[in-house]
Structure formats: structure tokens, C-alpha cells
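Residue numbers start from 1 in every chain, and the chains themselves are labelled A, B, ... in the order their sequence lines are given, proteins ahead of strands.
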Protein chains: 2
Amino acid sequence: MKKELTEKQEKVLEFIRKFHTNNAMMPTVREIAKNFKLSIGSVQQHLRALLSKGFLVKRGSLSRGIDFPNRKTFSQVPVLGTVHAGTFLEQIEDASDYIYINTDITRNKQCFALKVKGDSMEPSGIVEGDTIVVSKGEQPSNGDIVVALVDNESAVKMFFKEKGKIFLKSTNPKYPTLSSDDYDIDVVGKLIYLVRQYKG
Amino acid sequence: MKKELTEKQEKVLEFIRKFHTNNAMMPTVREIAKNFKLSIGSVQQHLRALLSKGFLVKRGSLSRGIDFPNRKTFSQVPVLGTVHAGTFLEQIEDASDYIYINTDITRNKQCFALKVKGDSMEPSGIVEGDTIVVSKGEQPSNGDIVVALVDNESAVKMFFKEKGKIFLKSTNPKYPTLSSDDYDIDVVGKLIYLVRQYKG
DNA sequence: TATTATAATATACATTTGTATTTTAGTCAA
DNA sequence: TTGACTAAAATACAAATGTATATTATAATA
């Protein structure tokens with residue numbers, strides 16, 4: 001349980017958050033002072049309070065050397081194309097867009113993102129327009145959702161392996177389950193993340 | 001088309017990218033120099049090249065004052081609690097977690113995030129465990145998905161307004177549509193974003 | 001009452017940081 | 001050869017920045 005902040009401390013912290021959001025770096029003591037028309041010493045005291053109460057941490061005596069506790073870091077993941085609408089591997093070179101996701105999700109995996117078309121996975125919460133993040137070359141377990149090339153067409157399916165055979169199941173029952181007996185199946189990667197933007 | 005970088009310039013830029021990812025701020029000239037065991041002057045020249053070739057831009061003569069062109073910025077959105085599992089507004093004070101999303105999505109709206117419980121919105125792609133981002137106090141249109149307090153219980157529903165009455169519909173047909181005739185309905189905000197993490 | 005926490009100011013100082021200058025060297029092309 | 005670009009080093013200086021100290025004032029509290 002965090003200690004409570006005073007009104008002014010709350011405002012200072014809020015300013016730091018916003019500054020960090022807009023500038024991707026922390027403000028200096030004097031930048032904070034200027035914003036609130038305060039003296040340097042006053043800001044120092046507010047920062048000291050925020051530090052001792054655990055709302056900020058320090059990184060040595062560097063410039064702009066305050067930080068949020070447990071601040072998350074990001075990986076740039078390229079959006080390579082659209083899945084279940086044809087091939088996408090050609091487009092690897094010119095990733096026109098990137099999405100940013102926490103490094104604790106991507107870890108050290110090699111990832112890329114795809115836009116989803118179609119309704120074959122709707123019952124498991126994947127709908128048209130979603131952006132999915134795929135971790136490349138990971139061994140999927142039964143029940144994992146994967147991106148696969150099925151006779152060179154890309155698809156998002158649920159993965160099953162039984163007696164050496166691979167099955168790709170759509171959770172939408174109107175699509176058939178594909179078997180490695182009938183198709184050339186190449187699992188590209190495993191779903192690790194999904195984002196969806198609602199138009200405002 | 002960007003001008004080409006030399007091998008060394010590429011490496012310096014790559015270091016700056018990584019440094020920024022890990023520390024949420026740009027490195028100083030001397031931090032770069034230390035990493036490559038170079039002199040300050042050498043780093044200055046590399047930076048000058050990266051600037052003139054358009055891979056970096058400057059923000060005045062500030063400390064750590066280099067930036068990526070078109071860098072995306074993030075908002076910290078507090079995760080306040082769980083929705084459709086009771087009230088969550090009490091927990092506003094101690095947001096234990098944050099998610100970070102692009103400011104071009106949050107714009108200047110006041111936002112917060114909630115974890116989803118239950119299956120009442122499964123057919124529209126919202127499943128248990130998802131984290132939804134809600135924009136506070138925005139006027140919803142018919143068909144928008146909203147977070148509302150229904151007799152002080154929180155819920156995620158599809159919003160409709162007709163002849164002054166509010167209707168909250170679950171896309172899952174096994175739940176009834178709620179009407180403002182029968183319940184005290186308070187729309188808290190509108191869904192603008194959703195993220196889902198698949199366990200690896 | 002004395003104490004503590006908050007809030008604010010003013011000032012000084014040491015360190016960090018950006019910037020400018022000069023010099024040396026190698027490579028490549030006109 | 002000359003010129004241009006890249007690479008690197010060494011040094012100096014000004015500006016930015018973090019930090020320490022002293023002082024005043026107010027409100028809440030034991």
C-alpha cells in the first residue's frame with residue numbers, strides 16, 4: 001500500500017507523467033520548477049517526498065535521473081501485413097508500421113505483427129481488424145493459437161499435434177479442421193499478444 | 001528514401017535505440033562514448049552525421065536532447081481493477097499496474113484500464129482476462145461498447161439509446177438486455193482499446 | 001507548548017553535459 | 001595531387017543540471 005500524496009505532490013507527479021509521455025524523458029528539476037513557477041528548492045522537496053513515498057526512484061546523479069518504479073520498456077514490433085488474406089512473408093522488408101509492446105511480453109523472442117482478416121477465430125476473441133503479435137519459430141503446444149502457412153496461404157488457427165500429425169482448427173465451427181495429411185502445413189509462429197483499437 | 005549510414009553510424013544508432021528502450025531516455029554524448037570506448041569528439045561526429053542524414057533530430061541544447069524523428073509517445077494508463085466482478089471505482093487510488101499505449105489513441109482523453117471477467121461480450125471478441133482501455137466521460141453512440149455501473153455493479157456492454165432510454169446489450173445472447181427503466185445505469189466511459197496477452 | 005510535515009524562497013557549488021576547436025590519419029574519387 | 005568524407009583523439013569552455021544549505025511561514029498534532 002502506497003503512502004498518500006499531498007495535493008501538490010500529486011500535481012508534480014502528474015506533470016512528470018505528462019512530460020515523460022510527451023518527451024520520452026524525465027524533466028529536470030528546473031523544468032518542473034518553471035512549469036509551476038516554483039523555486040528549485042521547492043521542487044527538490046516535492047521530489048524528495050515522491051522518492052521517499054515510493055512514487056519515483058533515482059538512477060544515480062544523472063541528468064533527468066528520476067524514474068518510475070517498475071517502468072516498462074518497449075520493443076518495436078513491425079507490422080508485416082495481413083493474415084488469412086494471402087501471403088505476407090514477402091512484405092517483411094517494408095514494414096510500414098510498428099506497434100510497441102512491453103519487453104516483458106516479447107522477452108528475447110523475434111516477433112512480428114499482422115492484421116487479422118476473416119472470422120475463423122471469432123469464438124476465441126480474435127476478430128477482423130485486430131493486430132496480432134507472433135513470436136517466430138517457437139514450438140507450439142496443443143491448444144496454442146498459431147500463424148501458419150497452409151499450402152502457402154497464411155492463416156490463424158488453433159494448433160494440435162497427435163501421433164506426428166498436425167491439425168489446425170478454426171474455433172469458428174463453420175470452417176473445417178485442416179490436417180497435415182491433406183495440406184502442406186508450416187507453422188510460422190505462436191500468438192503472444194493481441195491489440196484492438198476501437199474507432200472513436 | 002533515407003540516406004545510407006556507415007557501419008559505425010549504424011552501430012551508434014542501434015546503441016541509442018537500445019539505450020532508449022531500456023532507460024526511456026536518450027544517452028548523453030559521454031554515455032555513448034563510454035559504450036564504444038570512443039572519445040567525445042568522435043561521438044559528436046557520428047551524431048552530427050546521424051542528424052544531417054535525418055536519423056535523429058535535436059531538441060535545443062538540452063541534456064539528452066536528441067530524439068528520433070516521428071517517435072511515438074505513450075500514455076501511462078492505470079489499471080484500476082476488474083470489471084463485471086463488482087465495483088472498481090474505490091480502487092482508483094492505488095492503481096497497482098499501468099499499461100502504456102500510444103498517445104495517438106488516447107489523445108487527450110482521460111483513460112483508465114480494467115481487467116475483464118466473464119463471457120458476456122465474447123461474441124464481439126472480448127474474453128476473460130483481456131485488458132480494456134476506457135475513455136472517461138465520452139458520449140457514446142449507438143453500438144459503442146461501454147463500461148457502465150448498473151445498480152453500482154460494473155459491466156461491459158453494448159450501448160443503445162432510444163427515445164431517452166438507455167439499453168445495455170450483452171452480445172452473448174445468454175444474458176438479457178438491461179434497460180434504464182429497470183436499472184440505475186451510469187455510463188462510465190467508452191471502450192477505445194483492448195490488449196490481450198497469451199501465456200507463453 | 002513544542003514538534004513535525006508541508007510549502008516556499010534564495011543562494012551557492014560541484015558535477016554533468018553539450019559544444020567548439022584543433023590535430024592526426026585513412027580512403028576514395030575527381 | 002587535391003579535396004571530401006569518415007574516423008578518432010585531446011582539450012577547453014559554457015551551459016545545463018543535481019545537490020546542499022539556510023531561512024521563513026503555515027497548519028496539524030501530540
Quickly work out the Ile32(B) CD1 to dA7(D) P distance and round it to whole Å. 14 Å
How far does NZ of Lys58(B) sit from CZ of Arg48(B), to the nearest 0.5 angstrom? 11.0 Å
Atom OG1 of Thr28(A) and atom CZ of Arg64(B): how far apart are they, to the nearest 0.5 Å? 12.0 Å
Figure out the NZ/C1' separation between Lys11(B) and dT6(D), and round it to whole Å. 15 Å
Between C1' of dG18(D) and CD1 of Ile66(A), the distance in whole Å: 11 Å
Rounded to whole Å, CZ of Arg48(B) lies from P of dG18(C) at a distance of 14 Å
Nearest-Å distance, CZ (Arg59(B)) to P (dT17(C))? 15 Å
Checking side-chain contact (heavy atoms from CB on, under 4.5 Å) against Ile32(A), which of Ile16(A), Ile40(A), Leu38(A) comes through? Ile16(A)
Please encode protein proximity along nucleotides 6-16 of chain C as a string of B, S and -, counting only heavy-atom distances under 4.0 Å. SBBBB-----S
In whole angstrom, give the distance that lies between atom NZ of Lys34(B) and atom C1' of dA9(D). 19 Å
Classify the ring geometry between Phe74(A) and Phe74(B) as parallel (under 30°), tilted (30 to 60°) or perpendicular (over 60°). parallel
Starting at CE of Met25(A) and ending at P of dG18(C), how long is that distance when rounded to a whole Å? 10 Å
